[in-house]
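By convention here, the first residue in the shown sequence is residue 1.
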Amino acid sequence: MSQFRAFTGSETQGTIVVRVLDSPEGPRAFIRQVSDPADVAEDTIEQSEEMPVEEALALARNKAANMDGGAEIVIDLGPDAKWDDHWGRLD
């Protein structure tokens, strides 16, 4: 089972963030990568398209595995989103 850490806002450059949001169609996710933790402007990080959470996590794991030295994946839960234990463990 995959294990993930919750997003804190102080992640280092290269961290992959999977943002999980609630929607009328069920939980959806976006993937982004922290480019410069000192830059407080949220929109400077390009976001991916909306996708099912399982697909986003698989894509994030694949992206992390293909980065030099790997990358940490963290989860950013939206205000109404709930974590499903089928996706992995969230600490």
Side-chain angles (χ1 to χ4, degrees):
M1 176 174 282
S2 297
Q3 184 170 344
F4 303 99
R5 182 176 62 80
F7 177 75
T8 64
S10 62
E11 280 68 24
T12 60
Q13 184 171 353
T15 301
I16 298 172
V17 181
V18 177
R19 179 152 172 82
V20 179
L21 301 170
D22 192 29
S23 77
E25 296 81 35
R28 306 296 283 177
F30 296 86
I31 298 173
R32 65 183 174 93
Q33 184 175 3
V34 175
S35 60
D36 182 359
D39 188 351
V40 296
E42 290 183 31
D43 292 338
T44 61
I45 300 172
E46 186 176 332
Q47 292 194 351
S48 67
E49 294 182 22
E50 177 182 328
M51 64 189 80
V53 176
E54 296 89 349
E55 186 178 322
L57 293 172
L59 186 61
R61 283 191 294 269
N62 186 46
K63 182 177 177 91
N66 287 305
M67 293 174 69
D68 287 340
E72 182 179 20
I73 301 170
V74 298
I75 307 299
D76 182 10
L77 285 178
D80 295 331
K82 305 276 189 275
W83 184 254
D84 185 330
D85 290 335
H86 289 98
W87 302 329
R89 184 174 159 197
L90 180 60
D91 294 327

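- The pair Asp91-Arg89 meets the salt-bridge criterion, with a side-chain N (NZ, NE, NH1 or NH2) lying under 4.0 Å from an Asp/Glu carboxylate O.
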(request) Please step through side-chain contact (heavy atoms from CB on, under 4.5 Å) for the pair Gln33 and Lys63, ending with a clear verdict. (result) CA-CA 10 Å; Gln33 184 175 3; Lys63 182 177 177 91; 3.6 Å; yes
(message) Go through it in stages, so that I can follow the logic: the residues are Val17 and Ile31, the test is side-chain contact (heavy atoms from CB on, under 4.5 Å), and I'd like the CA-CA distance, side-chain angles, deciding distance and then a yes or no.
(response) CA-CA 6 Å; Val17 181; Ile31 298 173; over 6 Å; no
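- The shortest heavy-atom contact between Phe7 and Arg32 is CZ-NH2, 3.5 Å.
- Between Arg5 and Glu11 there is a salt bridge, with a side-chain nitrogen of the basic residue lying less than 4.0 Å from a carboxylate oxygen of the acidic one.
- Contact between Pro79 and Arg19 at its shortest, heavy atoms only, is CD-NH2, 4.0 Å.
- For the atom pair Leu21 CG and Phe30 CZ, the distance stands at 6.0 Å (nearest 0.5 Å).
- At a threshold of 4.5 Å between non-hydrogen side-chain atoms, the residues Ile73 and Val18 count as touching.
- Shown here for Asp85 and Met1, the closest heavy-atom pair between the two residues is O-CE, 3.7 Å.
- Remark: the backbone N or O of Gly88 is paired with a side-chain donor or acceptor of Trp83 at under 3.5 angstrom.
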(request) Step by step, work out the side-chain contact (heavy atoms from CB on, under 4.5 Å) result for Phe4 and Leu57. (result) CA-CA 10 Å; Phe4 303 99; Leu57 293 172; 3.8 Å; yes
(request) Tell me, with the steps shown, if Glu49 and Arg28 meet salt bridge (Lys or Arg N to Asp or Glu O under 4.0 Å). (result) CA-CA 10 Å; Glu49 294 182 22; Arg28 306 296 283 177; over 6 Å; no
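- Using a 4.5 Å cut-off on side-chain heavy atoms (C-beta onward), Leu59 and Met51 make contact.
- Counting all heavy atoms, side chain and backbone alike, Arg61 lies closest to Ser2 at NH1-OG, 3.4 Å.
- Pairing each heavy atom of Ala60 with each of Ile16, the nearest pair is O-CD1, 3.7 Å.
- Under the side chain to side chain contact (heavy atoms under 4.5 Å, CB included) rule, Leu90 has a single partner from Val20, Val74, Asp84, Leu77, which is Leu77.
- The two residues Ala71 and Ala64 make their nearest non-hydrogen contact at O-CB, 3.5 Å.
- Using modelled atom types, one side-chain atom of Asn66 and one backbone atom of Asn62 make a donor-acceptor pair closer than 3.5 Å.
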